[in-house]
Amino acid sequence: MSHGIQLRVMPYDHPDAVELNDQVQLEYQARYGGEGDVTFLDPAMFAPPNGLYLLAYDGSGTPVASGGWRSQDENDEGYSDGDAELKRMYVVPEARGLGLARRILAALEADARAAGRTRMALETGDQQPEAIALYLSSGYTPAAKFGHYRTYESSRCMAKPLQP
């Protein structure tokens with residue numbers, strides 16, 4: 001499956017993106033209980049140049065991974081001016097271990113940097129050790145909590161400067 005992987009810019013509301021989002025929501029429910037991630041996301045938030053949404057497709061044209069960033073500036077949810085917030089990073093179970101998350105993350109960081117964003121920020125949770133390991137190994141460090149889940153004990157916020 002690792003051969004022929006293509007990253008494509010897609011709208012957040014594209015049917016393939018919706019399908020992967022539904023899958024990640026089921027995973028959130030399995031790991032945390034409840035209804036999944038209820039953070040409000042409008043497809044327009046991921047429209048360039050204020051964001052980007054990527055899907056990875058395998059050689060057969062099946063969507064196998066996703067991720068996006070959206071612009072944030074200082075607000076009452078704890079974001080800082082110049083933030084790019086990482087959202088909906090997900091790899092289907094059959095494609096895990098192929099480096100797709102790392103590849104998508106690098107592409108999103110490069111795009112956010114090119115759009116003038118100065119920091120990539122993300123929120124994950126304590127029941128996602130694979131995600132935490134990816135981010136730590138990619139240069140992210142713990143950050144002050146921000147976003148919808150900033151008051152949750154299980155929330156883990158991280159950030160990385162986007163150097164020009």
* List in chain and number order the residues that pass side-chain contact (heavy atoms from CB on, under 4.5 Å) with Asn21, two or more places apart in sequence or in another chain; answer none if no residue qualifies. => Tyr12, Val24, Gln25, Arg88
* Could you give all pairs that pass the side chain to side chain donor-acceptor pair (under 3.5 Å) test and reach residues 38-52, with sequence neighbours left out? -> Asp37-Thr39
* Asked: Among all residues two or more places apart in sequence or in another chain, which pass the side chain to side chain donor-acceptor pair (under 3.5 Å) test with Arg102?
  -> Ser137, Ser138
* Euclidean distance, Leu100 CG relative to Tyr57 OH, rounded to 0.5 Å -> 13.5 Å
* To do: Not counting sequence neighbours, which residues clear side chain to side chain donor-acceptor pair (under 3.5 Å) with Asp81? List them please.
  => none
* Going through the checks in order, is the side chain to side chain contact (heavy atoms under 4.5 Å, CB included) test met by Tyr53 and His14? -> CA-CA 10 Å; Tyr53 206 74; His14 183 278; over 6 Å; no
* Structure fact -> Contacts satisfying salt bridge (Lys or Arg N to Asp or Glu O under 4.0 Å) that involve residues 130-139 (not counting sequence neighbours) are Arg31-Glu130
* Listed partners of Tyr28 passing ring pair (Phe, Tyr, Trp, His ring centres under 6.0 Å), at least two apart -> none
* **From Ile5 atom CD1 to Ile104 atom CD1, the distance as rounded to the nearest 0.5 Å** => 9.0 Å
* Structure fact -> Closest non-hydrogen atoms of Gln29 and Gly34, given as atom of the first, atom of the second and distance, are CG-O, 3.4 Å
* ring pair (Phe, Tyr, Trp, His ring centres under 6.0 Å) contacts in which one or both residues fall within residues 81-136, not counting sequence neighbours -> Tyr135-Tyr140
* Asked: Can you find a pair of side-chain heavy atoms, one from Tyr32 and one from Asp126, that are under 4.5 Å apart?
  -> yes
* Say you draw a straight line from OG1 of Thr141 to CG of Leu136; how long is it, rounded to the nearest 0.5 Å? -> 8.5 Å
* Structure fact -> Those residues at least two apart in sequence (or on a different chain) that pass side chain to side chain donor-acceptor pair (under 3.5 Å) with Thr124 are Gln128
* Using the side chain to side chain contact (heavy atoms under 4.5 Å, CB included) rule, take Tyr149 and Val38 through it: C-alpha gap first, then chi angles, then the decisive distance, then the call. => CA-CA 9 Å; Tyr149 292 99; Val38 297; 3.4 Å; yes
* Which heavy-atom pair separates Ser60 from Thr62 by the least distance, and what is that distance? -> OG-OG1, 3.1 Å
* Asked: Are Leu55 and Leu7 close enough that some pair of their side-chain heavy atoms sits under 4.5 Å apart?
  -> no
* To do: Not counting sequence neighbours, list each pair that qualifies as a side chain to side chain donor-acceptor pair (under 3.5 Å) and has a residue in residues 151-164.
  => Glu109-Lys160, Glu123-Ser155
* Structure fact -> Applying side-chain contact (heavy atoms from CB on, under 4.5 Å) to Pro15 and not counting sequence neighbours gives none
* To do: Using the test ring pair (Phe, Tyr, Trp, His ring centres under 6.0 Å), find all partners of Tyr79 that sit at least two apart in sequence or belong to another chain.
  => Phe146
* Spatial distance of atom CG (Leu108) from atom CG (Leu162) [nearest 0.5 Å] -> 10.5 Å
* Asked: Who passes side chain to side chain donor-acceptor pair (under 3.5 Å) against Gln6, sequence neighbours left out?
  -> Arg8
* About how many Å separate NE2 of His148 and CZ of Arg150, when rounded to the nearest 0.5 Å? -> 8.5 Å
* Quick check: does any side chain N or O of Arg117 sit under 3.5 Å from a backbone N or O of Gln72, one acting as donor and the other as acceptor? -> yes
* Structure fact -> Rounded to the nearest 0.5 angstrom, the CG-OG distance for Leu54 and Ser66 is 9.5 Å
* Determine yes or no for a side-chain-to-main-chain donor-acceptor pair under 3.5 angstrom, with Asp73 supplying the side chain and Gly82 the backbone. => yes
